[in-house]
Number of protein chains: 2
Amino acid sequence: MKNNVPPSDLRVFLAVLDEGGFRAAAKRLGVAPSKVSTTVSRIEATLGAPLLVRTTRSVRATEQGRALADRIAPLLAEVDQACMETANSTGRVRGRLKLNVPGAVMPDILPPILTKFQRKHPEVEVEIVVENDLVDIVASGCDAGIRYGASLEKDMVSIPIGPRVQQIALAAAPAYLEERGCPQSPGELTMHDAIRYRFHGGPLLPWMLKNGDETISVEPVTRLTISVNAMNTGLSYARAGLGIIGMFRNWLEDDFSAGTLVPVLADCWRDQEGPRLYYPGRLTPTPLRAFIEACRTS
Amino acid sequence: MKNNVPPSDLRVFLAVLDEGGFRAAAKRLGVAPSKVSTTVSRIEATLGAPLLVRTTRSVRATEQGRALADRIAPLLAEVDQACMETANSTGRVRGRLKLNVPGAVMPDILPPILTKFQRKHPEVEVEIVVENDLVDIVASGCDAGIRYGASLEKDMVSIPIGPRVQQIALAAAPAYLEERGCPQSPGELTMHDAIRYRFHGGPLLPWMLKNGDETISVEPVTRLTISVNAMNTGLSYARAGLGIIGMFRNWLEDDFSAGTLVPVLADCWRDQEGPRLYYPGRLTPTPLRAFIEACRTS
DNA sequence: ATAAGCTGTTCTCCATGAAGAACAATGTTC
DNA sequence: GAACATTGTTCTTCATGGAGAACAGCTTAT
């Protein structure tokens with residue numbers, strides 16, 4: 001009977017309410033905003049009742065829309081749960097795993113973990129979304145995310161992934177050091193130009209250095225601030241002699257070997273907490289659960 | 001997450017189980033069999049589990065398919081209920097009404113009822129499916145059906161629609177009566193040729209006639225048996241002098257007026273139960289409820 | 001006051017899913 | 001045993017739904 005609303009359409013409607021907007025819902029569902037718009041309009045036409053009030057810049061449910069959403073959301077969630085359990089009941093780890101990760105883990109942290117994981121679970125198809133600015137994993141339609149230093153969102157769980165610590169190393173081009181001198185103590189860094197990286201969400205990668213038995217925070221003169229996503233850009237400027245760069249040591253190894261960058265105050269480098277895997281605390285699909293296990297055992 | 005099965009697909013899966021086959025499910029849902037086939041296959045691929053075993057000529061659920069169906073069927077039914085109640089909450093009678101009716105009610109019984117109904121409820125879109133052979137209203141994807149003399153199916157309710165009784169009239173062409181003589185009593189009918197109508201499902205329209213104070217069943221010599229759907233065919237043969245025809249009086253009025261057919265044994269005509277509206281006993285959409293009310297008050 | 005950025009919606013075009021036809025397989029009837 | 005009827009599935013074609021672009025409207029920043 002054509003009076004029925006396809007429950008898949010209802011899931012679109014629920015996503016709009018969950019995300020607070022059509023574009024956010026579209027992003028989470030991996031569809032175009034126009035589909036979300038036309039789907040909600042079609043539901044309203046079929047039921048003959050407005051479900052959403054679209055004030056510009058915000059969406060909110062009507063009374064009827066809220067009542068409908070409250071009633072069907074747990075039902076559709078349980079349908080998803082039933083499907084997931086059917087999928088899991090085969091005992092095979094299969095399906096798709098979508099990870100939202102910063103560029104920073106792309107060169108050398110994630111590849112070995114993924115390679116091992118996919119060899120162990122060949123039926124899992126992995127999709128990597130490289131993004132730095134977005135913290136909300138669910139809103140981006142991903143199963144899990146990797147982040148440095150992000151605070152824990154509601155209902156999210158985090159475990160370490162990759163190196164438990166990473167050293168923040170300082171480096172400069174030989175030409176820069178010949179011109180400006182090589183600092184002999186952390187205090188001298190304030191007289192130098194710095195190239196600093198900024199995490200998503202605004203915080204700079206801090207320059208915390210060891211000074212004898214203590215750790216001090218150094219605020220150098222910042223000539224350039226770059227998103228952690230644009231890793232290679234920062235390295236290029238550093239190689240060009242723009243200043244002293246502060247970055248994860250593993251990123252700098254190739255330049256050290258090639259001589260294009262030289263370590264600065266190597267004895268003062270201190271450890272930084274490594275990246276963490278974030279995922280929703282419940283409704284864990286089998287592929288994600290297997291990946292979590294792979295992270296725990298690596 | 002692409003691990004999710006669209007719940008609309010699950011509805012297709014449930015229809016296959018309900019109807020016991022792919023083609024029956026396709027008919028009920030108003031889609032092509034190929035869509036049902038590919039939809040179920042897609043669900044099985046997504047979940048990585050066979051849900052149905054398709055022995056040729058029969059379909060049955062696997063253990064996992066049965067478990068999944070048992071769990072999600074009430075959930076999706078409640079989702080439909082929630083939508084229906086949202087639609088009803090506007091207080092407006094709107095939507096679609098799909099009726100499965102025999103051709104017998106098309107000329108003069110249904111039109112006045114529908115005309116009145118649609119004038120009262122202009123927002124309802126009515127679709128009429130003319131079918132005689134099929135008894136299962138739900139399996140045909142209709143909201144309700146009209147039938148003569150059909151037995152009550154499980155969970156179905158019936159109310160009279162249109163005339164509470166209809167007379168079974170006998171008639172013949174003048175030329176036939178001149179040649180064979182005009183029967184003076186019901187008993188003489190056995191010496192005449194008959195044109196009889198058959199209801200869907202096999203029973204013939206019985207020739208029950210009054211004989212004094214009693215009612216007798218007459219079994220004439222049947223020259224032609226026609227489905228009630230082919231009403232005009234039977235009339236044509238009768239006009240051509242093939243025999244005495246037995247049919248609802250309202251169908252014969254035009255021929256009586258035109259003189260193309262003449263009443264036979266008019267004093268012996270007895271009343272027959274009129275048609276009935278059949279509909280599922282629960283989950284009554286608003287358009288159907290309004291139509292039921294219209295039938296009750298006409 | 002203007003520009004920029006973001007929203008939801010509408011419109012256009014095309015890729016995809018669905019309809020329809022054809023097929024292979026099986027059970028029933030003659 | 002052959003013919004017939006029906007099934008589920010596969011293949012081909014095309015109509016439609018969705019992506020993408022553009023639009024109108026609104027809020028915020030300059």
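Just so it is clear: chains get the letters A, B, ... in the order the sequence lines come, proteins before strands, and each one is counted from 1. These numbers come from the heavy atoms of this one structure, side chains and all, not from hydrogens, waters or symmetry mates.
Atoms CG (A:Leu52) and C1' (C:dT7) sit 14 Å apart, rounded to a whole Å. Rounded to an integer number of Å, the gap from CZ of A:Phe22 to P of D:dC23 is 22 Å. Remark: P of D:dG8 and NZ of B:Lys27 are 14 Å apart, rounded to the nearest angstrom. One can place CZ of A:Arg54 at 13 Å from C1' of C:dT10, the figure rounded to the nearest angstrom. One interatomic measurement links the two molecules: CG of B:Asp9 to C1' of C:dA18, which rounds to 13 Å at whole-angstrom precision.
Atom CD in B:Gln118 sits 9.0 Å away from atom CD in B:Glu125 (nearest 0.5 Å).
The ring pair (Phe, Tyr, Trp, His ring centres under 6.0 Å) check on A:Phe291 picks up A:Phe117, with sequence neighbours excluded. Not counting sequence neighbours, A:Arg23 has no partner by the salt bridge (Lys or Arg N to Asp or Glu O under 4.0 Å) test.
In A:Glu63, the CD atom is not crowded: 12 or fewer heavy atoms of neighbouring residues, nucleotides or ligands sit closer than 6.0 Å.
Ionic pairing of B:Asp143 and B:Arg96 is not present here: no N-O contact between side-chain nitrogen and carboxylate oxygen is shorter than 4.0 angstrom. Here B:Glu85 pairs with A:Arg71 in a salt bridge; the nearest charged N to carboxylate O distance falls below 4.0 Å.
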Next on the checklist: Strictly under 4.0 angstrom, non-hydrogen atoms only: write out the protein contact profile of nucleotides 15-22 of chain D, one letter per nucleotide from the 5' end, B, S or -.
Outcome noted: ---SBB-B

